[in-house]
Amino acid sequence: MTIQQAIGASQSDAMDVDEMRDATPREITPRPLSPGQKAAVIVRLLLGQGVSPGLDRLTPDQQARLARTMAGLGNIDRATLAHVVQEFTGRLDGLALTFPAGLSDTLILLDGHISPIARDGLRAEAELGDATDPWARLAAMEPDRLRPLLEQESAEVCAILLSKLGVAKAAGLLADLPPDRAQVIAHAVALTATVTPDMVTRIGEHLFQQMTTRPQPAFRASPVDRVGAILNAVSGAARDTLLEGLDARDAGFAAEVRRAIFTFHHIPKRVEATDVPRILRRVEPDVLNTALAAGLKSAPLSVEFLLENMSKRMAEQLRDEAEAIPTPREDDGEGAMAQVVSAIRALEEEGEIRLIPPED
């Protein structure tokens, strides 16, 4: 049954609209109703005829307002009903075409009629939602920016945050948390059933404001990584002296710096064997020869690791050249080895290779 048929049936069951108007004394005027109350009257009329008015497409807040309006209307006289029905049917008669509500519904309508590339791009745009929606903007942020919220906010707020994010992003964030914290937040999701939409909106606005007002760090790398990178370029003796001084001042920080340091000596433990040819192609031949010559004395394990993971012919050639040249001066040797390390770091930052974490 269509909406028009439902209204027609309701009119014939009670009285034709015109008959209602004629049978109603002229001095009785329709009860003044707000637009929301008129909508409630139409919804009640449709439900009485067994027609679904599509309330499931309304937001929870809209559904709640409609229910409260219906609860407060009381009885509607025939004159008021006739006036509301006449106004509603008049609007329907003048309505020639309706379009989908929002981009998501439009994509459903256009499914099969647009290219997959256009569809996927529009679908991503639709997932972002309204640009004024704080939750859409929070969902678009990188996990690294959202992770501090899960560590600082209450478990209930974190549960709401995870519930508003995509499943994959929420799962990744939850998996990165310590087990105890993750369990508390996961349990807090069960406590969010009674949270009102207004409260969710306010929480989203608060979190987004907190994220946007938080000052951006001046340095991309952490203090540990910055000190570690500096000490990578320092000579071995000076590095040891500096680390001893850090131990005396802050043993915990010094331990973290030691894990962040990556020198020529660490190559066998931190570099994947399959990455050696790619690394060596990044180093100038003269620099590589000097580094290998210096390493034969100060870091033989690293030299053997590099030579073992290249072609046999090239390994023999490089070994012969390294053994043939005089042992480089300490500064020259350390400088050449530092350039090899710099090449490895550059490849890591470019995503070409992955260093084995120190704890592994």
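Each residue takes its place number in the sequence, starting with 1. Not measured: the values here are computed from a predicted model.
A donor-acceptor pair shorter than 3.5 Å can be found between the side chains of D77 and T80.
For G204 against L138, the heavy-atom pair with the smallest separation is O-CD1, 3.8 Å. Heavy atoms only, all atoms of each residue included: N75 and R31 are closest at O-NH1, 2.9 Å. Smallest separation of non-hydrogen atoms from T290 and G333: CG2-CA, 4.4 Å. Closest heavy-atom contact between T201 and P134: O-CG, 4.3 Å.
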Practice problem: Show your working on salt bridge (charged side-chain N to carboxylate O under 4.0 Å, His left out) between R282 and E350 and close with a plain yes or no. | Solution: CA-CA 13 Å; R282 182 65 69 93; E350 295 167 8; 3.0 Å; yes
Self-check item: Audit row: E142, R145, salt bridge (charged side-chain N to carboxylate O under 4.0 Å, His left out) steps and yes/no
Solution: CA-CA 6 Å; E142 294 296 326; R145 290 195 63 190; over 6 Å; no
Exercise. Would you check, one step at a time, whether the test side-chain contact (heavy atoms from CB on, under 4.5 Å) holds for M337 with S298?
Key: CA-CA 10 Å; M337 289 188 287; S298 61; 3.7 Å; yes
Exercise. Check the pair Q37, M70 against side-chain contact (heavy atoms from CB on, under 4.5 Å), reporting the backbone distance first and the verdict last.
Key: CA-CA 7 Å; Q37 290 173 323; M70 294 179 70; over 6 Å; no
Practice problem: Could you walk me through whether R270 and E348 pass the salt bridge (charged side-chain N to carboxylate O under 4.0 Å, His left out) test, one step at a time? | Solution: CA-CA 11 Å; R270 302 286 307 279; E348 181 197 22; 5.4 Å; no
Exercise. Start with the C-alpha gap between L150 and R147, add the side-chain angles, then the distance that decides, and say whether side-chain contact (heavy atoms from CB on, under 4.5 Å) holds.
Key: CA-CA 5 Å; L150 298 178; R147 193 169 289 110; 5.6 Å; no
Self-check item: side-chain contact (heavy atoms from CB on, under 4.5 Å) assessment of F264 paired with I344
Solution: CA-CA 10 Å; F264 195 82; I344 295 173; over 6 Å; no
Exercise. Show your reasoning for whether salt bridge (charged side-chain N to carboxylate O under 4.0 Å, His left out) applies to E87 and K38.
Key: CA-CA 9 Å; E87 181 181 343; K38 292 177 183 178; 3.0 Å; yes
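For the pair E244 and R239, the salt-bridge criterion is not met [side-chain N within less than 4.0 Å of a carboxylate O].
Of the possible polar contacts, none joining the W135 side chain to the L161 backbone as a donor-acceptor pair under 3.5 Å is found.
Under a hydrophobic-cluster definition in which Ile, Leu, Val, Met, Phe, Trp and Tyr are linked whenever side-chain heavy atoms come within less than 4.5 Å, directly or via other members, V189 and L174 are assigned to different clusters.
Interatomic distance, CD of Q339 versus CD of E284, reported as 8.5 Å (0.5 Å rounding).
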